[in-house]
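What follows is a short report on a single structure.
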2 protein chains.
Amino acid sequence: MADDSAVLDALRDAILRGEFVAGQRLVEIDLCERFCSSRFAVRAAIPVLASEGLVDVQRHRGARVRAISIEEAIEITEVRQLLEGLTAARAAERATPADIADLREIITQLRHAAGSGELVRYSEADARLHALVRRIAAHETAASIIERLRAQMARQAFMLSLVPGRQAMSLAQDEAIVDAIEARDAPAAERAMRRHVASVIESLRSDSQADLAAAVP
Amino acid sequence: MADDSAVLDALRDAILRGEFVAGQRLVEIDLCERFCSSRFAVRAAIPVLASEGLVDVQRHRGARVRAISIEEAIEITEVRQLLEGLTAARAAERATPADIADLREIITQLRHAAGSGELVRYSEADARLHALVRRIAAHETAASIIERLRAQMARQAFMLSLVPGRQAMSLAQDEAIVDAIEARDAPAAERAMRRHVASVIESLRSDSQADLAAAVP
DNA sequence: TCAGCGCATATTGGCGACAATATATTCAGC
DNA sequence: GCTGAATATATTGTCGCCAATATGCGCTGA
């Protein structure tokens, strides 16, 4: 393999999947071996990941996977609250009947996952719902920022999905969002989405030591 | 000179100052001569600028300065409206008396510039006001996104500052923002900031061919 | 005269080697 | 035994070369 963008994606995925502990040094030679690529490819990938906020680079000291604090996670989620609210409002204005059927389909999947307690499957379906709302909204600028912010919080989001009782509340909130979009009620969709993301902020605020518990999975 | 970050900043500035026409090819060799640097430095700078949304890179076809459409400018400003509203609200909660004195100082500068019709000086002071609000808000995530979005619209923002009559309206809006921050009224500060940015969106919507007129300066 | 094809050239992509620098280790002195 | 500096090593920064590829031009044929 000698494709630079392949290394970029592989390294990004590895960081997002939590295969590197926060703060760990990313030594170029090691990454070359890991991804069977040349040093040139990883050197092209690292600045891009730095601009995405996934790694921190210091001159002559290399790159480290960026550790984000609870305060920073709250900041990120505050911004997401506004932007995902915007996409929900636009989705309510633009959704076609086919779009609404797709949203309902995901709600069904969420219900099944919540009912059988499949946490990972639930959080994947929730991510699909948000992604679909973004696609319906067709707001490229907001979507790309949201995706970048979600990536930065990937591990923390996974952690929150393990907090018991969140699924039930989250499911009701997701249903409220889809209801508002179906009713073509943009302000209601925006409010529902903001409430949904706000509950993430509250979770972050309440148990600030949850990130320590997240070391288990 | 052989400093890579210097080339990055110089190239970014050159693009922001409008020294390249939109869509122009950025040939690596030309940039080397222009900035008296090695090809290595420009090759390191280009991916970073691409991730900042200032240039577009295509495989084996090089980089071009990214042309943003009116629709995209509106999208960017819609996001800025939300995020700058957030910073205004936080600034209202956190501003010290010294901060408020600094804000008042900039308002004075804005009045002078508007009174003597110094358009460039006015828009510079306006940018300083927004930057100060961001600093007071101390919301790193929102601030970095806003700065990136403002950079993408740098030329368009300059263009709007030339529309006659905008200064008077803009000045009143800026004063309303500072008044609300001084009164520690976060919701009012957020509303005032949103109105301020909303007027930019309206300007973009109303004369969509203003970017053609901007070829003059 | 125009269309299609092949070639030449300009430009970017990729790589190995070398230089510069930060960090760790070790040794000497107190 | 501890502290400080000097050296050694590991890692990143920089460069020039060659290969791969897109684009533009000229040529040939209908």
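Order of the sequence lines sets the chain letters (A, B, ...), proteins ahead of strands, with each chain counted from 1. What you see below is based on every heavy atom in this structure, not just the backbone, and it leaves out hydrogens, waters and symmetry mates.
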*Hey, does A:Leu26 reach any base, or is it just sugar-phosphate, or nothing, if we go heavy atoms under 4.0 Å?*
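The answer is sugar-phosphate, as A:Leu26 gets under 4.0 Å only of primed atoms, P, OP1 or OP2.
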*Taking the side chain as every heavy atom from C-beta outward, state whether A:Leu26 and A:Val42 have any pair of such atoms under 4.5 Å apart.*
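In short, these two side chains do not touch, never coming nearer than 4.5 Å.
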Should the pair [X]-[Y] be classified as a salt bridge under the 4.0 Å nitrogen-to-oxygen rule?
X	Y	result
B:Glu75	B:Arg205	no
B:Glu72	B:Arg66	yes
A:Glu28	A:Arg43	yes
A:Glu52	A:Arg12	yes
A:Glu19	A:Arg34	yes
A:Arg134	A:Glu147	yes

Whole-Å gap separating [atom2] ([N]) and [atom1] ([X]):
X	N	atom1	atom2	result
B:Arg43	C:dT12	CZ	P	9 Å
B:Glu28	D:dT21	CD	C1'	14 Å
B:Arg64	C:dT12	CZ	P	11 Å
A:Gln58	D:dT11	CD	P	16 Å
B:Leu8	D:dG13	CG	P	14 Å
B:Asp30	C:dA10	CG	P	13 Å

*Is a side-chain donor or acceptor of B:Arg150 paired with a backbone partner of B:Arg80 at a separation under 3.5 angstrom?*
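No; judged by distance alone, with no hydrogens or angles, the pair does not exist.
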_DNA chain C-proximal residues of residues 50-57 of chain A, any heavy atom under 4.0 Å_ =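 When residues 50-57 of chain A is checked for heavy atoms under 4.0 Å from DNA chain C, there are no hits whatsoever.
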_I'd like to compare against my own output: the B/S/- annotation of nucleotides 16-23 of chain C with a strict under-4.0 Å heavy-atom distance to protein._
-B---SSS
